[in-house]
Amino acid sequence: MSNYDTSDIRNLGLVSHVGTGKTSLADAMLFDAGQNTRLGKVDTESSLMDFEPEEVKRKTTISSSIASFDWKKARINLIDTPGGANFVADTRNSLQGMDSAVIVLDAIDGLKIQSLKLIKQAQELELSLCVFINKLERENANYKTVVDNLSTAFQGKPVLLQLPIGQEASFKGIVDLLSKKALIFELNESGKYTEQDIPAELKEEAESLRESSLESIVECDDAILEKYLEGADLTEEEITTALRKGIINKQIVPVLFGAATKNVGVHQLLNFVADYMPSPIDRGAVKVISADGSEQKREPLASEPLAALVFKTIADPYAGQLTIMRVFSGEITSDSNIYNSTKKTKERVGQMLHLMAKKQEPAAKAVAGDIVAVAKLKDTHTGDSFSDEKKPAIIPTLSQPTPVISFAIKPKSKGDEDKIQSGLKRLMEEDPTLQVSRDIQTKEIILSGMGQVHLDVAIEKLKRKFSVEVILETPKIPYKETITADAKVQGKYKKQSGGKGQYGDCWIELHSIDKDKSMEFVDKIVGGSIPRQYIPAVEAGIREAMQEGVLAGYPTVGIQVVVFDGSYHPVDSSEMAFKVAGSMAFKKAAAEARPVLLEPVMHVEITVPEENVGDIMGDLNSRRGRMQGVEAEGATQTVKAQIPMAEMLRYAPDLNSMTSGAGVFSMEFSHYEEVPAHLAQKIIDESKAAKEAAAK
Ligand SMILES: Nc1nc2c(ncn2[C@@H]2O[C@H](COP(=O)(O)OP(=O)(O)OP(=O)(O)O)[C@@H](O)[C@H]2O)c(=O)[nH]1
Ligand SMILES: [Mg+2]
């Protein structure tokens with residue numbers, strides 16, 4: 001266990017779309033830092049970071065891993081995140097533990113949609129970013145194209161700090177533009193290299209790149225810029241200062257190069273992280289919402305009140321739950337009590353832990369800015385905040401993405417229903433995008449998630465961790481409902497016949513808002529027409545009613561509800577009565593507001609041999625597909641389209657037969673759209689019929 005201060009900590013993430021080499025890079029960093037005796041590899045199932053059986057089997061990261069280790073004077077908390085769209089919630093949550101991230105791209109494909117989305121979120125969280133262009137030694141590497149496409153993706157300016165020496169089979173190493181040295185690597189796995197002069201054929205290019213990078217760097221510091229413009233020579237220290245400043249205030253996105261599986265550029269990346277990436281001190285204060293709703297700041301100091309955020313939970317059937325948190329301010333010692341300000345409960349923490357992938361190491365305490373784990377908390381989940389009980393505060397979190405695919409599930413052996421429910425409950429604690437519900441019409445257990453792979457993994461975990469086997473039945477389309485017009489109605493619940501009665505009365509207006517939002521509640525009650533204490537009950541009644549939409553029983557979204565008037569009775573009014581009134585009002589209003597059915601539309605990419613493209617496009621038409629473009633890559637073409645999920649449920653076997661097994665496709669959720677009227681009626685009728693059948 002090493003001794004370090006907040007200013008030594010680097011909370012660093014590896015973030016980007018699937019398969020670019022994030023885990024390979026993490027493994028190489030751990031090897032170089034002496035944390036592993038050999039270079040762990042995803043391909044040979046020896047990765048330290050992808051250790052869960054479901055990850056090993058698929059050779060892809062499913063759940064982020066954390067490794068804390070020392071590099072020179074820095075203490076690095078490395079977070080390797082999944083790139084797959086199925087597991088994006090875990091990546092997004094993990095961003096909240098980081099101060100900086102390396103966007104790992106490969107030199108073949110460069111940026112892809114999922115990386116662009118993640119870059120956007122990282123920028124919203126004000127993380128400092130750099131780019132690592134990986135796989136330079138691989139066939140078809142073309143780093144120049146990748147670099148050319150970077151500029152529009154970032155708020156900051158991409159600035160090259162290195163230049164590759166050769167690429168594909170002729171890749172030899174990198175030029176460090178600032179020190180003007182060529183690093184020629186052995187390209188085995190040792191990471192060994194020799195420092196040489198820049199090769200003659202690269203000298204000119206390196207010199208002009210250095211000049212333009214330097215110009216971007218000096219712009220980050222006015223005094224140094226002035227000196228530079230006057231033509232004076234800059235010291236190494238001045239360049240370092242300006243670069244560090246530019247990274248911390250997000251003006252600059254440095255670009256570095258390497259090949260993770262060959263251990264090229266990894267040592268240099270670690271040095272770069274230690275020297276330039278922000279510590280929690282550089283990142284500055286975190287914004288918290290205090291108990292009275294006001295925004296406050298908490299500096300990353302031991303002397304500040306505690307503010308910590310749980311960004312990950314791991315369910316273990318034997319060891320219990322492992323809670324992973326980022327301490328933003330204050331500190332936590334082992335064997336103490338802490339206050340969960342989200343749940344308003346106290347938790348007892350035992351031994352504080354640091355993580356090394358699968359292993360846990362004891363830590364005496366968590367200093368401000370650190371990432372730590374604790375075991376066996378009772379009632380704490382991902383997204384919860386810990387704070388000083390006397391100064392309760394909550395750290396705002398990113399919203400969770402909503403599930404896009406649902407399957408009915410059945411136990412393999414009868415009588416396992418309870419075991420399924422309790423196992424799923426534990427899995428949902430580690431993964432908030434996994435949802436379990438009952439089909440209101442058919443009473444089946446419905447498991448919802450971010451994609452087929454997500455649910456397959458959940459079922460494998462259920463078997464491995466909780467020894468219960470289930471079968472995925474027919475997929476269900478997660479339709480939603482929304483409104484297309486405004487409505488203004490009264491919801492009045494009155495029962496006054498002898499004894500204490502019931503009285504709740506509210507007037508509400510519905511307005512349509514963005515379909516990505518579920519509901520916005522606006523309280524415009526003035527003069528106490530509804531007493532303050534009953535307004536949350538009105539809201540609760542409305543929210544409950546929204547869960548079962550008026551058209552076909554699907555959740556209603558995209559609605560602003562304004563409560564603007566009402567009345568009460570001094571004796572008969574109760575929370576219960578106002579809840580019923582809210583629910584009545586909503587049902588009436590939604591029916592009047594021209595409700596419509598929404599369906600999920602998927603972004604689909606289908607790669608097929610050239611001769612099949614005609615058939616594929618014809619078929620997409622019959623599936624209500626909207627073409628987005630076709631890209632040729634050698635003898636194959638990739639068709640991109642938006643297609644309603646309902647039309648894609650049996651696509652895999654159909655594509656197989658259209659292309660004699662040569663075609664592949666991937667799909668991810670894109671957005672919700674209104675179901676065409678003639679199809680909507682059929683869905684509504686089916687839902688009614690199912691409901692009636694279940695009621696019999
Ligand atoms: N040739 C070559 N292959 C690499 C390099 N780095 C990674 N790979 C390979 O790329 C594939 C994906 O690597 P991973 O490290 O699992 O990629 P990832 O970004 O963690 O992927 P996800 O976790 O699925 O998002 C594996 O087959 C690696 O062996 C590299 O520098 N050169
Ligand atoms: Mg990975």
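Computation of the quantities below employed the complete heavy-atom set of this structure, encompassing side-chain atoms and omitting hydrogens, waters and symmetry-equivalent molecules. As the structure lists them, so they are numbered: ligands from 1, and atoms in each ligand from 1.
A salt bridge links Lys312 to Asp90: one of the charged nitrogens lies within less than 4.0 Å of a carboxylate oxygen.
By the side chain to side chain contact (heavy atoms under 4.5 Å, CB included) test, Arg244 pairs with Arg10, Ile248, Tyr276, Asp282, sequence neighbours left out.
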Quiz item: Run the salt bridge (Lys or Arg N to Asp or Glu O under 4.0 Å) check on Lys358 and Glu55 step by step: do they pass?
Solution: CA-CA 13 Å; Lys358 184 182 189 168; Glu55 299 180 312; over 6 Å; no
Quiz item: Checking salt bridge (Lys or Arg N to Asp or Glu O under 4.0 Å) for the pair Asp109/Lys135: CA distance, chi angles, key distance, verdict?
Solution: CA-CA 10 Å; Asp109 291 328; Lys135 305 195 193 180; over 6 Å; no
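There is no side-chain donor-acceptor pair under 3.5 Å between Ser16 and Ser115. Counted by atom type alone, Asn77 and Ser68 present one or more donor-acceptor pairs between their side chains at under 3.5 Å.
The residue from Thr44, Thr261, Val266 that puts a heavy atom closest to atom 30 (C) of ligand 1 is Thr261. For the residues Gly83, Ser65, Ala107, Gly258, the heavy atom positioned nearest atom 25 (O) of ligand 1 is part of Gly83.
Considering backbone and side-chain atoms alike, Lys135 places an N or O below 3.5 Å from some N or O of ligand 1. Polar contact with ligand 1: absent for Gly84 (N/O pair, distance under 3.5 Å). For ligand 1, the polar-atom distance check finds an N/O of Thr60 within less than 3.5 Å of one of the ligand's N/O atoms. Note: no N/O pair closer than 3.5 Å links Ser16 and ligand 1 by distance alone.
Ligand 1 lies within reach of Glu137, whose nearest heavy atom is under 4.0 Å from it.
Other residues, nucleotides and ligands contribute only 12 or fewer heavy atoms inside 6.0 Å of the NZ atom of Lys157. Counted within 6.0 Å of CD on Glu139, heavy atoms from surrounding residues, nucleotides or ligands total 12 or fewer; the atom is thus considered open. The number of heavy atoms from other shown groups lying within 6.0 Å of NZ (Lys461) is above 12. Atom NZ of Lys112 sits in a sparse spot, with 12 or fewer heavy atoms from other residues, nucleotides or ligands closer than 6.0 Å.
The nearest protein atom to atom 18 (P) of ligand 1, hydrogens excluded, is given as Lys22 N, 3.4 Å; this is a heavy-atom distance. Atom 7 (C) of ligand 1 has Ser24 OG, 3.3 Å as its closest protein atom, hydrogens excluded (heavy atom only). The nearest heavy-atom contact from the protein to atom 23 (O) of ligand 1 is Thr61 OG1, 2.7 Å. For atom 12 (C) of ligand 1, the closest non-hydrogen atom on the protein side is Gly19 O, 3.7 Å. Residue, atom and distance of the protein heavy atom nearest to atom 6 (N) of ligand 1 are Asn134 ND2, 3.1 Å. If you check which protein heavy atom lies closest to atom 26 (C) of ligand 1, you get Asp43 OD1, 3.4 Å. Counting only heavy atoms of the protein, atom 17 (O) of ligand 1 lies nearest to Gly21 N, 3.0 Å. Atom 16 (O) of ligand 1 has Val42 CG2, 3.4 Å as its closest protein atom, hydrogens excluded (heavy atom only).
Taking a cut-off of under 4.0 Å to the non-hydrogen atoms of Thr23, the atoms of ligand 1 that pass are 15 (O), 18 (P), 20 (O), 23 (O). Each of the following atoms of ligand 1 lies closer than 4.0 Å to a heavy atom of Ala259: 31 (O).
Contacts between Val18 and ligand 1 below 4.0 angstrom, taking non-hydrogen atoms only, involve backbone and side chain alike.
Using a 30° and 60° split on the angle between ring planes, His354 and Tyr4 fall in the tilted class, from 30° to 60°. Between Phe87 and His454, the ring planes are perpendicular. Angles over 60° get that label, and only those under 30° would be called parallel.
Counting only distances under 2.8 Å, and ignoring water, the protein N, O or S atoms around the Mg ion (ligand 2) are Thr23 OG1, Thr61 OG1.
Two residues are said to be in side-chain contact when any heavy atoms from C-beta on lie closer than 4.5 Å; Ile62 and Glu52 fail this criterion. Contact of the Trp71 side chain with the His267 side chain is registered, since non-hydrogen atoms from C-beta on lie closer than 4.5 Å.
Tested against Arg75 for a side chain to side chain donor-acceptor pair (under 3.5 Å), the candidates Asp8, Asp370, Asp70 yield a single pass: Asp70.
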